[in-house]
Participant: 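Submitted below is the structure of interest, expressed as structure tokens.
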Amino acid sequence: MNQRNLTLHSTVPKASDDSDSFIDIDRLIAILFRRAGSIALCVVAFVALAAIYLILSTPVYTSMTQILLDDSMTKYAEDEAPAASAQQVDMQIASAVEILKSNELALSVVDAQNLSENDTILDPGQGAVELVKSGVKLIASALTPGGPPTSEENARNGRRQKAAAMLQQALSVERVSRSSVIAVAFRSTDKMLAARVTKAYADAYLNDQLNANFDATERASVWLQERLADLRDRSQQAALEVAKFKTENGLTSANGELMSEQQLADLNKQLIVAQADAASASARYNQFKSIVDQGPEGAVNNAAISSGQTDNSVIQDLRTRYIGVTRREQEITTNFGADHPQAVQLRTEKEDLTRQIFQELQQLTSSYRNEFEVAKSRQESLQENIRHLTGKNSESDKSIVKLNDLEQRATALKTLYEAYLGRYEEAAQQQSFPIAKARVISEAGIPTSPSSPKKTMTLGLAIVLGLMAGGALTAFQEFRERFFRVEGDVRSILGLKFLGYLPLVGKLPKERKVFQPRKTPLPETPEVPEDGASFERIMRIVLEAPRSVFAETLRNAKLASDVMFQGKGDRVIGVVSALPGEGKSTTAANFAALLASSGKRTLLIDADLRNPGLTRMLKTPPQHGLVEAVLGDVPWASAVRVDSRTKLAILPVVSNDNLMHTSELLASQGMFNLMENARKMFDYIVVDLAPLGPVIDAKAFAPQVDGFLFVTEWGQTPTNMVRDIVNAEPQIKQKILGVILNKTDMTELAKFSNFGGTERYHHKYVSYYTEEIPPKRQSAEA
């Protein structure tokens, strides 16, 4: 029960980490509500800039015309060309776009409209950037030595080139979707000038197409004419060389062929016919000769002569008679016998017919032999003539080869000449068709409203850019957020118990009124700086507003100490912070006042020996204090002061610049004895200690403390620094009762809490923090 080094708390489990979730919608919405002011400020700034731009900018008008690239317009003047591929069409349209953007076409428009003298083109309204550039150029020209004066011609050409350059800058040329239509637009501060220049561009493009076609055709005609003259001379020279070569080598020709070749061809044809006749005559002769060689009987019985092989009707008649006599003989012999006189007569007639047939065959054989010999003789004669003529032609083979080469060259030149002649005639005809492969399908009109600046789009873009800038600023602020804001930060970062919020002194939160309180308002907590303010005013914050958030947080701290120190009669509670100026002295004074006002014997010790803030708040500086009591120079009770209203005992500190080893003083035996004596007389001893940063006074005094209240400033003290300081001192960390967030801006607190956080519902507890509660509400709350 009397042990002092107690483990007052266990590490509070950290909140579940939702970092694995894809997007935390609730957190994003909370951030948007929290940073709505920054986002709105950025939007307003960008909208204001857009409004200034719209007011100061000069309206610009845009006139547009559309040109259709149509190859079918020349179908009556030119031969139908094969269908172009998609890639070729794209290349043609891209070429047309570049022609419209070219400097040559711009110069044509300048000359056609006399724009080299137009001030709107040469000297348009300049913006801030252009004015700065013009000023720099003017200063540079004034500092640099001037050159020789320019001539009128050079000046006129310079204005012309400048006007063309300005036209190119204000011109916009683009293809309309995937069609063959090209949109040409021109921007100018003069609406009439915009329409005039756009129309001039369309006319200049069509004239350029006509002039380009005419010039190309004319150049082709001139070139073809020169080539025709050359080809004609070369073709004639080649023909003369062929004729001369034939004459020199005796190579006469008829119907396009050499005489020797024609003769050889005729002889070959005749030889073929003669060979066929000889073969036919030889076959007939051999056939009849074989029949005659069989003798009369064999010639009559075995000969098979068709009517197609011979035209001798005598043999046919004799053979017919022979067959008839033979048949009658057989019939008489069969019927009357071989000795019958008629049979004998018929046999005699048969023998006579046999002799006649054989004689006729002998005559035909002799005739066919003569015919065969004549055909054979003719064949041999033709063969001899062919051999003679072939030998003669072989001597002129080299001449024929060269002649063929000359004839081929002459033929090629003649063909080429005829082709070029046809193309020349075609080019000459095309010069008479002034038809361009384009036409205007949308005339340039006078614009009725400016195209720039676009007010709606500019304001919309300004809003979007403002939102983006606000988002970027919000992200920067959120990533830069490294301070304690809500209860969850304390639990998750430090693992300590959270005791509550202390509102910023002098700036109480604006509570929502749910009923009409008494006319006497709740006393407002005065803004009391820690230097030079009276201790009574600082201590009475909790007394003047006992039902405020401020007092409720200190009651929670008292409850935490009561729970942890149940049954312990005397309790030493140290109040510490990480940095100076976080309000630990104010917190210690009000906490001690709260304890004293509740009837507890309470002693408040100012143990911040190097910066005694509590002591400086006293109206009259003390003559003796903690240091003198510890050193034994005076009794400690004589150095204590008592507040007449709360009966709070206060042990101040007398400033002493020569006191160097404050930590040794706090850890000395004298300090231990003082605390032992104080424990016997007081229920609570509240000690205001130095910050835990580089000062080690609190560490030296820690063994004599039962519990610590850790005070950190809301939205100012870095979380990493507090965590490192607390983790570096485990003997202090295990005694910390809880953490209090001081100087909290209660109006901004809800913005830093996610949906579902207790801070967002703070306004619902406003009735609990009022000075009076109506009877009906009291019964309801009971």
Participant: Please assess Thr189 against Tyr61 for the test side chain to side chain contact (heavy atoms under 4.5 Å, CB included), listing each intermediate value before the final yes or no.
Facilitator: CA-CA 6 Å; Thr189 55; Tyr61 298 89; 5.8 Å; no
Participant: Could you go step by step and tell me if Asn370 and Val374 meet the side chain to side chain contact (heavy atoms under 4.5 Å, CB included) rule?
Facilitator: CA-CA 6 Å; Asn370 295 333; Val374 170; 5.6 Å; no
Participant: Which residue pairs pass the salt bridge (Lys or Arg N to Asp or Glu O under 4.0 Å) test when at least one of the two sits in residues 198-207, sequence neighbours left out?
Facilitator: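 Only Lys199-Asp203 qualify under salt bridge (Lys or Arg N to Asp or Glu O under 4.0 Å).
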Participant: Using the rule given for side chain to side chain contact (heavy atoms under 4.5 Å, CB included), can you reason through Ser188 versus Val197, listing the C-alpha separation, both sets of side-chain angles and the distance that settles it, and then say yes or no?
Facilitator: CA-CA 9 Å; Ser188 176; Val197 171; over 6 Å; no
Participant: Count the heavy atoms of every other residue, nucleotide or ligand shown that sit under 6.0 Å from CG of Asp339, and state whether that count exceeds 12.
Facilitator: no
Participant: Surrounding CD of Glu373 (heavy atoms of other residues, nucleotides or ligands, distance under 6.0 Å), is the total greater than 12?
Facilitator: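 Yes, because the 6.0 Å sphere around CD of Glu373 holds more than 12 heavy atoms from other groups.
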Participant: Is there a donor-acceptor pair closer than 3.5 Å between any side-chain N or O of Thr198 and the backbone N or O of Ser63?
Facilitator: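 A pair under 3.5 Å: yes.
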Participant: Near Ile446 CD1, under 6.0 Å, is it more than 12 heavy atoms from other residues, nucleotides or ligands?
Facilitator: no
Participant: When rounded to the nearest 0.5 angstrom, what distance separates NZ in Lys191 from OG in Ser449?
Facilitator: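 Taking NZ in Lys191 and OG in Ser449, the distance rounds to 8.5 Å.
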Participant: Mind checking the CZ-CD spacing from Phe186 to Gln169? Nearest 0.5 Å is all I need.
Facilitator: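 One gets 10.0 Å once the value is rounded to the nearest 0.5 Å.
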Participant: What is the distance from atom CD1 of Ile182 to atom OG1 of Thr65, rounded to the nearest 0.5 Å?
Facilitator: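 Reported value, rounded in 0.5 Å steps: 11.0 Å.
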Participant: By the salt bridge (Lys or Arg N to Asp or Glu O under 4.0 Å) test, which pairs, at least two apart or in different chains, include something from residues 443-458?
Facilitator: none
Participant: Charged N to carboxylate O under 4.0 angstrom, Asp90 versus Arg175?
Facilitator: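 Yes, charged N to carboxylate O under 4.0 Å.
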Participant: What is the distance from atom CG of Asn103 to atom CG of Leu167, rounded to the nearest 0.5 Å?
Facilitator: 10.0 Å
